[in-house]
Amino acid sequence: DEQIATVTRWVDAGAPEGNPADAPAPLDWATKEWWMGAPDLVLNFPEFTSKTNNKDEELLLFSDYVFPQNTWIQAFEFKTNDYTVVHHAGLNSVDDKMFVPEDRVLDSEDEHLDKFGGTSNGGLALLVQSRLYTWLPGQHVEERPAGEGYRIPTGNRVVIQVHVAP
């Protein structure tokens, strides 16, 4: 009750800013190298240029790495060169025998998109079934508790379904 009263008084006073000297240092989340220390594996994805002239766009970006054996992943960290345009990103595990474009990029108008099941509730049906993790702005790391993890089968690669928005 005392905490509620304190917040209520602060709101009633117009939510004034406290003493800046008492504030913690801001987090430098956009440029921090790695939140959990150096990772065991870094997956690289192709750079892309939007073809939609400042309109929302969904893309599939294929990693450059095919898992040579069944692998358990305990944590993911998503990094992008421009956090201002990435609305969200879904990391998925797909069999490398599926269609992989030479430039490792599929955009929402690509004729090969149907190989991933078409759209289903705003997402690609096949990828929704193989979702590992969804990144949203402000998140840094997805980590499973000890003894848990995400399984990526032999011969799979990670594909990011990314929604970019101006």
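Throughout, residue positions are numbered sequentially from 1 according to the sequence presented. Treat the numbers as computed from the prediction; the structure is a model and nothing was measured.
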About how many Å separate [atom2] of [Y] and [atom1] of [X], when rounded to the nearest 0.5 Å?
{"X": "Met36", "Y": "Glu143", "atom1": "CE", "atom2": "CD", "answer": "3.5 Å"}
{"X": "Leu43", "Y": "Arg157", "atom1": "CG", "atom2": "CZ", "answer": "10.0 Å"}
{"X": "Ile152", "Y": "Gln69", "atom1": "CD1", "atom2": "CD", "answer": "11.5 Å"}
{"X": "Glu47", "Y": "Asp103", "atom1": "CD", "atom2": "CG", "answer": "12.5 Å"}
{"X": "Arg104", "Y": "Ser63", "atom1": "CZ", "atom2": "OG", "answer": "7.0 Å"}
{"X": "Leu91", "Y": "Thr134", "atom1": "CG", "atom2": "OG1", "answer": "8.0 Å"}

Between [X] and [Y], what is the shortest heavy-atom contact and its length?
{"X": "Pro68", "Y": "Thr154", "answer": "O-CG2, 3.5 Å"}
{"X": "Leu132", "Y": "Asn92", "answer": "CD1-C, 3.8 Å"}
{"X": "Trp72", "Y": "Gly149", "answer": "CZ3-O, 3.5 Å"}

Verify, without hydrogens or angle tests, whether [X] (side chain) and [Y] (backbone) share a donor-acceptor contact under 3.5 angstrom.
{"X": "Thr8", "Y": "Thr6", "answer": "no"}
{"X": "Asn44", "Y": "Asp64", "answer": "no"}
{"X": "Gln74", "Y": "Arg144", "answer": "yes"}
{"X": "Glu148", "Y": "Pro145", "answer": "no"}
{"X": "Trp10", "Y": "Pro16", "answer": "yes"}

Between [X] and [Y], is any pair of side-chain heavy atoms under 4.5 Å apart?
{"X": "Phe62", "Y": "Val158", "value": "no"}
{"X": "Val86", "Y": "His163", "value": "no"}
{"X": "Asp12", "Y": "Arg9", "value": "no"}
{"X": "Val141", "Y": "Phe76", "value": "no"}
{"X": "Val159", "Y": "Leu61", "value": "no"}

According to a 4.5 Å side-chain heavy-atom criterion applied to Ile, Leu, Val, Met, Phe, Trp and Tyr, with indirect links allowed, do Trp135 and Leu41 form part of one hydrophobic cluster?
->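 Trp135 and Leu41: one cluster.
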Quick one: do the Glu142 and Tyr150 side chains pair a donor with an acceptor below 3.5 Å?
->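 Judged by distance alone, the side chains do pair up.
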Report yes or no: is the cationic atom of Lys79 (NZ for Lys, CZ for Arg) closer than 6.0 Å to the six-membered ring centre of Trp34, at no more than 45° off its axis?
-> yes
Does atom CG of Asn19 have more than 12 heavy-atom neighbours from other groups under 6.0 Å away?
->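 For Asn19, atom CG is crowded (more than 12 foreign heavy atoms under 6.0 Å).
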Between Phe67 and Tyr65, ring centroids under 6.0 Å | yes
